[in-house]
Amino acid sequence: MKHPNEHPVVARNWRGESPEERRLQRRERLMEASLEAFSQHGIEKTTMRDICAQARLTERYFYESFRNTEDAFDAVYAMLKQELVERVSTALARAPLNIPQLARDGLAAFYNFIKEDPRRAQIMLIDAFYANRKTLDKSRDAVKEYVVIIDQLSRRLYPNMPANFDIEMVAWGLIGMCIQVGTMWAASGFKQPLDKILDYNLYAWRGLESWIDGPPPNGKVASLKAPAKTASANRSRRKPSVT
């Protein structure tokens with residue numbers, strides 16, 4: 001029971017900063033420290049003490065912002081994802097409305113984002129997809145946002161796309177290629193010039209455009225199966241009879 005003369009503790013300003021301002025500053029330091037720690041050690045090996053040592057803050061302040069290291073990783077990943085979405089969205093908004101140019105500008109925004117700060121590659125391309133099932137599921141949810149964008153743009157640009165063409169499945173493949181190429185590029189220390197990295201991806205994107213630019217003559221999506229062998233071809237492959 002409180003003493004009648006006891007007064008509640010009131011948080012006071014310090015050096016002109018409110019308690020909330022100081023808390024936000026500590027969180028920013030912890031976010032930067034988490035980005036550095038995860039990029040150095042990976043999510044599986046980074047500890048709360050690693051992050052606190054990097055931020056030069058005590059454990060008390062870590063728990064002020066995060067429940068655990070997984071929570072800190074989610075916060076860093078969400079921050080990077082939001083920055084990347086804004087970067088790619090701006091590039092797409094400025095690009096001419098055709099698949100090759102949209103792809104080039106969007107991919108350039110993505111790869112430049114990764115190259116600008118190599119720490120992002122460890123978190124967004126490696127830990128996010130390979131650390132564990134939880135991070136993989138969250139990454140797939142993030143990728144799905146880009147799949148939806150590609151699907152909407154393709155249907156807008158190519159209204160004659162065959163109804164049975166699964167553009168969403170193709171989009172997953174194209175984005176998967178983008179991620180794998182980016183992972184290998186980062187692992188090499190970004191040795192190859194960006195233009196070459198873009199060209200590797202754009203071979204596939206140009207194929208997409210040629211595939212969906214209006215329905216084929218028979219109104220069906222071209223089959224990816226090998227053509228049936230003709231009777232003459234079958235005969236030519238028969239073993240010669242022994243006389």
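Although no hydrogens or angles enter the test, the distance criterion places no donor-acceptor pair under 3.5 Å between the side chain of Q101 and the main chain of N98. Of the possible donor and acceptor atoms, one in the side chain of R120 sits under 3.5 Å from a partner among the backbone N and O of F113. The backbone N or O of I43 lies less than 3.5 Å from a partner atom in the side chain of D127, making a donor-acceptor pair.
Checked by atom type, the side-chain pair Q82/E86 shows a donor-acceptor distance below 3.5 Å.
Of the inter-residue distances, the one linking D151 atom CG with K144 atom NZ reads 11.0 Å to the nearest 0.5 angstrom. For the atom pair SG (C178) and OH (Y200), the distance works out to 15.0 Å, reported to the nearest 0.5 Å. In this structure, CD1 on I179 lies 12.0 Å from CD1 on I126, to the nearest 0.5 angstrom. From F110, atom CZ reaches atom CD1 of I114 across 4.5 Å, with rounding to the nearest 0.5 Å. F73 contributes atom CZ, which lies 10.5 Å from atom CG of L35 (distance to the nearest 0.5 angstrom). Considering CD1 of I51 and NE2 of H41, their distance stands at 9.5 Å, rounded to 0.5 Å.
M79 CE: more than 12 foreign heavy atoms inside a 6.0 Å radius.
Looking only at side-chain heavy atoms (C-beta outward), D50 and F38 stay at 4.5 Å or farther from each other. At a threshold of 4.5 Å between non-hydrogen side-chain atoms, the residues R104 and D195 count as touching. Two residues are said to be in side-chain contact when any heavy atoms from C-beta on lie closer than 4.5 Å; R155 and I167 meet this criterion. Under the 4.5 Å side-chain criterion, counting only non-hydrogen atoms from C-beta, F190 is not in contact with I197. Within the 4.5 Å cutoff, the side chain of I149 has no heavy atoms near those of the V88 side chain.
When the side chain to side chain donor-acceptor pair (under 3.5 Å) test is applied to R206, no partner is found at least two apart in sequence or on another chain.
Partner E32 forms a salt bridge (charged side-chain N to carboxylate O under 4.0 Å, His left out) with one of R26, R119, R27 and no other, that one being R119.
A142 and K81 get closest at one heavy-atom pair: CB-CD, 3.6 Å.
Under the side chain to side chain donor-acceptor pair (under 3.5 Å) criterion, the residue pairs touching residues 175-191 are Y130-Q180, with sequence neighbours excluded.
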